[in-house]
Amino acid sequence: MVYIILGRGFEEAEAVVPCDMLRRAGVDVRFAGIGGREIVGGHGIAVFADCVAEETDLTEAEMIVLPGGLGGVQSILGSETVLNAVKTVYDKGGYAAAICAGPTVLAKLGITDGRRTTCYPGCEENMGGAKPCGDKAVIDGRVITGKAPGTAFDFAFALIEVLRGKETAKKVAAGAVYR
């Protein structure tokens, strides 16, 4: 199971594109809303989450994905439930993934220390002991990071690669006519 966390003000493309591509790859993925099921993104698009984060055992996930959007990141940072779940999943051998400003949450939890990462330009100063590189998407062990809304597809295919393999990621990309 993969949970994509939605907090009020999340970056819509960074949540919806990975969800769509992961489902095309046959991954069981669900949106988990912080504080409810209807979560409004940073650009006014409301998404109806599959479950409420506080009412779900997120710690059983194979991967937790954190979209960016400054409001969404603030919502995540304000949720002990989500922060504890991300750390627990990672500590148990699962994947921690984040895009845009989302990697700063992983940095705050110490997950990105010493790892090669990427994040939204200007967020590097909040990446602690990470090694930001500026690539579109980066896989470093069980940490997957993406740069920005414009790289949401690259990020999604990196998620698919670690969960289902490079060939599946290539197939889904071809089916989406990604170039």
Side-chain angles (χ1 to χ4, degrees), residues 1-6 10-32 47 49-50 58-69 72-73 76 82 85-121 123-124 127-179:
M1 170 67 63
V2 173
Y3 288 106
I4 298 175
I5 307 299
L6 302 180
F10 72 96
E11 174 57 58
E12 294 93 339
E14 296 168 0
V16 174
V17 169
C19 183
D20 182 11
M21 295 300 113
L22 285 164
R23 286 184 180 176
R24 290 173 192 236
V27 175
D28 188 4
V29 59
R30 297 186 186 149
F31 285 130
V47 173
D50 301 292
L58 302 173
T59 65
E60 294 302 316
E62 179 178 10
M63 175 187 284
I64 295 183
V65 180
L66 307 177
V73 168
I76 291 167
V82 172
V86 171
K87 186 75 169 126
T88 299
V89 167
Y90 184 74
D91 289 346
K92 287 173 34 177
Y95 294 97
I99 183 170
C100 197
T104 63
V105 176
L106 300 183
K108 181 179 171 100
L109 295 172
I111 291 172
T112 58
D113 287 351
R115 299 212 176 263
R116 191 169 169 270
T117 63
T118 193
C119 60
Y120 191 80
C123 288
E124 296 89 353
M127 289 301 295
K131 302 173 186 172
C133 67
D135 291 353
K136 291 180 180 180
V138 175
I139 300 169
D140 187 340
R142 293 179 293 110
V143 177
I144 304 92
T145 52
K147 189 170 187 175
T151 65
F153 281 94
D154 302 275
F155 178 65
F157 299 136
L159 301 178
I160 294 168
E161 182 178 326
V162 301
L163 294 171
R164 295 292 187 265
K166 283 186 181 187
E167 287 307 311
T168 301
K170 286 179 184 177
K171 258 187 214 175
V172 173
V177 193
Y178 177 78
R179 301 182 197 268

Any donor and acceptor pair, going by atom type alone, linking the side chain of [X] with main-chain N or O of [Y] inside 3.5 Å?
{"X": "Glu14", "Y": "Gly68", "result": "yes"}
{"X": "Thr145", "Y": "Thr118", "result": "yes"}
{"X": "Asp50", "Y": "Phe31", "result": "yes"}

All side chain to side chain contact (heavy atoms under 4.5 Å, CB included) counterparts of Arg142, not counting sequence neighbours: Tyr90, Tyr95
Chi angles and distances behind the side chain to side chain contact (heavy atoms under 4.5 Å, CB included) call for Leu22, Leu163: CA-CA 9 Å; Leu22 285 164; Leu163 294 171; 3.9 Å; yes
Gap between atom [atom2] of [Y] and atom [atom1] of [X] - 0.5 Å precision:
{"X": "Cys133", "Y": "Lys147", "atom1": "SG", "atom2": "NZ", "answer": "8.5 Å"}
{"X": "Arg30", "Y": "Leu6", "atom1": "CZ", "atom2": "CG", "answer": "14.0 Å"}
{"X": "Ile99", "Y": "Leu159", "atom1": "CD1", "atom2": "CG", "answer": "8.5 Å"}
{"X": "Ile4", "Y": "Met63", "atom1": "CD1", "atom2": "CE", "answer": "9.5 Å"}

Return the minimal non-hydrogen interatomic distance between [X] and [Y], and the atom names on each side.
{"X": "Ala130", "Y": "Thr117", "value": "CB-OG1, 3.7 Å"}
{"X": "Ala98", "Y": "Leu106", "value": "CB-CD1, 3.7 Å"}
{"X": "Val17", "Y": "Ala156", "value": "O-CB, 4.3 Å"}
{"X": "Phe155", "Y": "Gly146", "value": "CD1-N, 3.6 Å"}
{"X": "Arg115", "Y": "Asp140", "value": "NH1-OD1, 3.0 Å"}
{"X": "Cys100", "Y": "Pro149", "value": "SG-CD, 4.2 Å"}

Do [X] and [Y] have side-chain heavy atoms sitting under 4.5 Å apart?
{"X": "Thr104", "Y": "Met127", "result": "yes"}
{"X": "Asp135", "Y": "Arg116", "result": "yes"}
{"X": "Glu161", "Y": "Ile144", "result": "no"}
{"X": "Val82", "Y": "Val105", "result": "no"}

Residues that Phe157 engages under ring-ring contact (aromatic ring centres under 6.0 Å, His included), provided they are two or more places apart: Tyr178
Full working for side chain to side chain contact (heavy atoms under 4.5 Å, CB included) between Ile5 and Leu58: CA-CA 10 Å; Ile5 307 299; Leu58 302 173; 4.1 Å; yes
Worked verdict on Glu62 versus Val27 for side chain to side chain contact (heavy atoms under 4.5 Å, CB included): CA-CA 10 Å; Glu62 179 178 10; Val27 175; 5.8 Å; no
Qualifying salt bridge (charged side-chain N to carboxylate O under 4.0 Å, His left out) pairs, either residue in residues 90-100, two or more places apart: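 For residues 90-100, and leaving out neighbouring residues, the salt bridge (charged side-chain N to carboxylate O under 4.0 Å, His left out) pairs sorted by first residue read Glu60-Lys92, Lys87-Asp91.
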